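Just so we're clear, the structure is a prediction, and the values are computed from it rather than from any experiment. Convention: sequence-line order gives letters A, B, ...; per-chain numbering from 1. Only this structure's heavy atoms are used, side chains among them; waters, hydrogens and symmetry mates stay out.
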Amino acid sequence: MATELAPGLIHHPGYLDAAARARLADEVAAILAEAPSVTPRMPRTGKPFSVRMSNAGPLGWVSDVAGYRYQPNHPGTARPWPALPPTARAAWDALASYPAPPEACLINLYAPGTRMGLHQDRDEADLAAPVLSLSLGAAALFRYGGLRRSDPTRSIRLQAGDALVIGGPSRLVFHGIDRLYPVGDLLGAGDEPGFLPPGGRCNLTLRRVTAPVPP
DNA sequence: TAGTATCA
DNA sequence: GGTT
């Protein structure tokens, strides 16, 4: 049962069943073995994010003192990013309502206590494509607002297996993660992928970066 | 300000 | 919790 939180912002609770979550976790573990997570830094100031990141797909999102950008290689190893995880790719085909494949799968790794401040995903040239979010591990408090930072916000709980489509009029909505829920808190303990620290969370976001060339 | 800190 |  999907819920439209706002026009184009669609929450699919429990979209991935236990088997799919386990499969996706295995795929992510393999990606991280090849493309280890890095600590992103703020442009100009160099202040570190609390979240760690890696990527899969032809392009990966990176942030350092030089700025935000998409690039084809891992900043540490200089190797190309690993292939997109098939389970995430299948979710894109099912939920994105977009004719071209995703080019980037950003992997955000949250340890307990980490957060992600309110922000917009606006580094993609193709804003017609949605961003598709998939959650693994611990549940988290997701906050979203409007197109202006000062717009009022609402919060929902994102749990392991949830999918969230951020598209249409909500494509540039401000959003972030306020906190993780302790495991064992309420229902949905969520399975614990082996690549996460105890109580950690993993979020995958699939994005189309460049506009597809017309046939 | 995809940051943290601080205040109203 | 919203804002600087």
Can you check nucleotides 1-4 of chain C for protein contacts, nitrogen or oxygen pairs under 3.5 Å, and list what you find?
residue, atom, partner, partner atom, Å
C:dG2, OP1, A:Thr153, OG1, 3.4
C:dG2, OP2, A:Arg143, NH1, 3.2
C:dG2, OP2, A:Thr153, OG1, 3.3

Notebook entry, point to check: A:Asp121 has an atom CG; how far is it from atom C1' of B:dT1, in whole Å?
Noted result: 14 Å
Margin query: In whole Å, I'd like the distance from the NZ atom of A:Lys47 to the C1' atom of B:dG3.
Written below: 6 Å
Note to self: In this structure, how many angstroms lie between the P atom of B:dT1 and the CD atom of A:Gln120, rounded?
What the structure shows: 8 Å
Margin query: Nearest whole Å is fine: how far is B:dT1 P from A:Phe174 CZ?
Written below: 7 Å
Next item on the list: Provide the closest heavy-atom pair for A:Leu127 versus A:Arg171 in the form atom of the first, atom of the second, distance.
Entry: O-CG, 3.4 Å
Check: Rounded to whole angstroms, how far apart are CZ on A:Arg44 and C1' on B:dT1?
Finding: 8 Å
Margin query: Within the supplied structure, the quantity of interest is the number of heavy atoms (other residues, nucleotides, ligands) at a distance under 6.0 Å from A:Arg115 CZ; does it exceed 12?
Written below: no
Margin query: Rounded to whole Å, please give me the gap between CZ in A:Phe49 and C1' in B:dT4.
Written below: 12 Å
Check: Cation-pi between A:Arg149 and A:Phe174: NZ/CZ under 6.0 Å from ring centre and within 45° of the ring axis?
Finding: no
Item checked: Length of the CD1-P vector between A:Ile177 and B:dG3, whole Å -> 11 Å
Check: Contact class for A:Asp123 (heavy atom, under 4.0 Å): base, sugar-phosphate, or nothing?
Finding: base
Checklist line | Which residues share a side chain to side chain donor-acceptor pair (under 3.5 Å) with A:Thr87, sequence neighbours left out | finding: A:Arg23, A:Glu27
Note to self: Please verify the inter-ring angle class for A:Trp61 with A:Phe49; under 30° counts as parallel, over 60° as perpendicular, anything in between as tilted.
What the structure shows: tilted
Next item on the list: Walk me through it: do A:Asp123 and A:Arg207 pass the test salt bridge (charged side-chain N to carboxylate O under 4.0 Å, His left out)?
Entry: CA-CA 10 Å; A:Asp123 298 313; A:Arg207 302 120 183 271; over 6 Å; no
Checklist line | Spacing of A:Met53 atom CE relative to B:dG3 atom P, expressed in whole Å | finding: 8 Å
